[in-house]
Amino acid sequence: MKILVCVTKTPDTTAKIAFTDNNTKFAGDGVQWIINPYDEWYALVRAIELKEADAATVIHLITVGGADAEPIIRKALALGGDEAIRVNADSHDSFYIASQIAEVAKAGGYDLVFTGKETIDYNGSSIGGMVAELLDMPYVSLATKFTLNGSNAVIEREVDGGEETNQVALPVVVSCQKGMAEQRIPNMKGIMGARTKPLKVVEPAVAEALTSITSFDLPPAKAGVKLVSADNPEELVRLLHEEAKVF
Amino acid sequence: MSVLIFLDNAEGHVRKASLEAASYGAAIAKQLGTTAEGIILGKTTENLSSLGKYGLTKVHTVANDALDNFDAQVFTKVIAEAAANADVIIFSNNIAGKAIAPRLSARLKAGLVTGAVALPDTSNGFTVKKNVFSGKAFANVTINTAKKIVALNPNSYSITTTDGSAEVAGLNVTVDTAKVQVTATSKVEGDVPLTEAEIVVSGGRGLKGPENWGLVTDLAKVLGAATACSRPVADVHWRPHHEHVGQTGIAIAPNLYIAIGISGAIQHLAGVNRSKTIVVINKDPEAPFFKAADYGIVGDAFEVVPKITEAIKKIKGS
Ligand SMILES: Cc1cc2nc3c(=O)[nH]c(=O)nc-3n(C[C@H](O)[C@H](O)[C@H](O)COP(=O)(O)OP(=O)(O)OC[C@H]3O[C@@H](n4cnc5c(N)ncnc54)[C@H](O)[C@@H]3O)c2cc1C
Ligand SMILES: Nc1ncnc2c1ncn2[C@@H]1O[C@H](COP(=O)(O)O)[C@@H](O)[C@H]1O
């Protein structure tokens, strides 16, 4: 079994969101970068569990990003990836990134491609579907559970107001979210081992960017909270009904 | 040349999020001086010509039984055929939209913006405002291809209605055999789906235990609201995990979000900060949630919430 796990770096969930260069760039200076939580906690850890259940499983990691993505790739290797590929390109266009991943995936002959549900910075929720289309593979999105049954995958996924179970023959592309696995912390052995694991840097394939970010805006500041006394909750109800008119 | 809107089929009915997408698509069509058409896949029980009132001139149907089984690959191919003459294709950025729109984008080499929150600016190109950083900012994204795909965030664009009825026409397309088989579905019966709810009542660790959830569900019931919870509450199984909202849970944007006994951690806010009105009930005046709230009560939820529920009952009853 060969698994490709797509990982990317994102600002820490508590990072201050601000922009520079006339509101065209995220102010990344001084920001702590982490592995996108969906990629780390769910996609990667579930892949590691599959490897623990079957020693013949190989996990490759891929990131499309500049050299500044290497710390998070090393951390992903420390958690349990076998080797990593960094496609040396910096882009915010989903199609461009997906094209790079698809190029590597085609050459690698993977049974499974795992992505996170979305990146917590650009919130595209797009790469998995695009990669699947480019590889002509089935795609199961928003998976909450993944098990193997011979050469079939049995996957639970979120649907409106509940869950459904899907069955699909490998290979398949899966986007992963909460439920798939539990967060892990890399141990010393993993961290030491990660230093010598292969991290291959490849130049990007020719691909188009279909979109470009023109600028960023911050939402207008809230007017401030209107507090109502705990002795008079009826006043809150009156405000919601007559002022905010929300019910 | 037209705008095509994917209408998500919820057991025969068009999902509310798709009615928003239809209204949005019709507005874009007006902007571009063209018409808006819809496409719905699978069996329907609704009078589709009535979708004209959301601005659609035509609704394409593909009533092939095979489409009652959801496989993003199969759906994408059908929609790609139907979209041959469309310049702009609109989805709701809901569960189906997230599965199909990216595939369609790659298939048609049509630039995609997901999580759109406003009509595109077409004065100079085609630029769409979308949510980024989990609702903490917006990006204006320009689509550089002739064909364009936009996935509209649920609850970001109001449903608009006019007079009119749509022509309904069956579309003759080949439907591939699905590779993905849906073998079981488990739905929470009777509940309002969280992402579509106008009002959401949510509880956190301040409620102390699942036995106290009547506070949340009683209030939700009088308001016709959906219920949600903070992550630790789902983690310890006080509530099912599909109720968990936030950065790693579901992101929602209801008209009213009532947070009871939730501290308002930044990761929680990331999933709810797009709500139009936020009400916070917390006994700690320093709780960070008050900074993001429109209305609040500093007090004990166990005393305050039943009174709120009663007061709403009175208003609703009169
Ligand atoms: C990477 C990452 C992702 C995360 N993702 C999410 C996410 O998606 N969603 C999420 O919710 N969290 C998420 N978290 C966790 C988040 O940081 C908080 O820990 C969590 O939201 C706290 O939940 P809570 O407010 O229910 O509990 P607490 O922080 O324990 O707050 C309980 C609140 O209840 C109040 N209270 C107590 N008793 C009463 C009473 N009788 N009446 C009224 N108020 C009372 C207290 O004053 C307190 O403010 C994430 C964390 C990380 C690190
Ligand atoms: N630059 C990237 N390199 C590798 N994988 C990525 C990259 N960007 C996104 N992904 C993967 O695609 C998923 C969805 O991302 P997105 O569509 O951008 O929200 C992420 O959770 C990652 O698994």
Side-chain angles (χ1 to χ4, degrees), chain A residues 13-14 17 37-38 94-95 98 120-130 132-134 138-142 158-169 178-179 208-219 222 225-230 233-234 236-237 239-241 244 246-247, chain B residues 71-73 95 98-99 102-103 105-107 111-115 127 131-134 136-145 179-188 191 193 199 223 241-242 247-249 255-256 266-267 277 290 292-299 304 307-308 311-312 315:
Chain A
T13 53
T14 57
I17 307 305
Y38 294 104
S94 308
F95 182 76
I120 62 168
D121 47 5
Y122 293 97
N123 307 130
S125 210
S126 305
I127 303 282
M130 289 181 174
E133 186 66 27
L134 292 168
Y139 176 48
V140 177
S141 54
L142 309 179
E158 180 191 337
V159 293
D160 293 275
E163 305 219 325
E164 69 176 25
T165 310
N166 288 177
Q167 186 156 338
V168 58
K178 188 181 146 100
E208 263 175 280
L210 310 181
T211 62
S212 46
I213 296 179
T214 324
S215 62
F216 293 97
D217 304 320
L218 289 170
K222 281 247 173 190
V225 59
K226 204 176 245 189
L227 286 177
V228 174
S229 157
E234 293 76 15
L236 173 71
V237 172
L239 286 169
L240 292 177
H241 188 56
V246 283
F247 78 93
Chain B
D71 180 335
Q73 197 170 15
I95 289 169
K98 284 177 182 172
R103 287 201 78 118
S105 166
R107 186 173 189 91
L112 165 69
V113 176
T114 61
T127 303
N131 259 301
V132 287
F133 296 98
S134 309
K136 284 175 253 172
F138 303 104
N140 299 298
V141 183
T142 303
I143 303 183
N144 300 317
T145 50
K179 291 184 196 158
V180 176
Q181 294 300 331
V182 179
T183 55
T185 314
S186 63
K187 289 211 175 133
V188 193
D191 282 358
I199 305 179
L223 286 169
H241 85 73
H242 62 75
Q247 182 107 60
T248 44
N255 288 335
L256 174 61
I266 194 157
Q267 297 91 357
T277 300
F290 285 116
D294 299 287
Y295 298 96
I297 291 185
V298 179
V304 170
K307 289 187 190 153
I308 292 176
I312 293 171
I315 291 180

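Both backbone and side-chain heavy atoms feed into the values below; hydrogens, waters and symmetry mates do not. In the text below, chain A, chain B and the rest are named by the order of the sequence lines, each starting its count at 1.
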Examine whether an atom of [X] lies under 4.5 Å from a heavy atom of chain B, and if so say whether it belongs to the side chain, the backbone or both; otherwise answer neither.
X      : result
A/Y38  : side chain
A/F95  : side chain
A/I213 : both
A/T211 : both
A/L236 : side chain
A/A132 : both
A/I127 : neither
A/K178 : both
A/L227 : both

note = Separation between NE2 (B/H241) and CD (A/E163), nearest 0.5 Å, reads 4.5 Å
task = Supply the atom-to-atom distance B/Q247 CD to A/T13 OG1, rounded to the nearest 0.5 angstrom.
result = 5.5 Å
ask   = Is any side-chain heavy atom of A/L218 less than 4.5 Å from a side-chain heavy atom of B/K136?
value = no
inquiry  = With a 4.5 Å cut-off on side-chain heavy atoms, are B/K187 and A/V159 touching?
reply    = yes
Does any heavy atom of chain A fall under 4.5 Å from the side chain of [X], the backbone, both, or neither of them?
X      : result
B/T127 : side chain
B/I199 : side chain
B/D294 : both

When [options] are compared by non-hydrogen pairs under 4.5 Å with chain A, the top option:
options                        : value
B/A99, B/G115, B/S105, B/A72   : B/A99
B/T248, B/L223, B/V298, B/T145 : B/T248
B/S134, B/G296, B/A139, B/A137 : B/G296

Minimum heavy-atom distance between B/I308 and A/P233, given as atom pair plus value = CG1-CB, 3.7 Å
key: N/O donor-acceptor pair under 3.5 Å between B/T114 side chain and A/G124 backbone   = yes
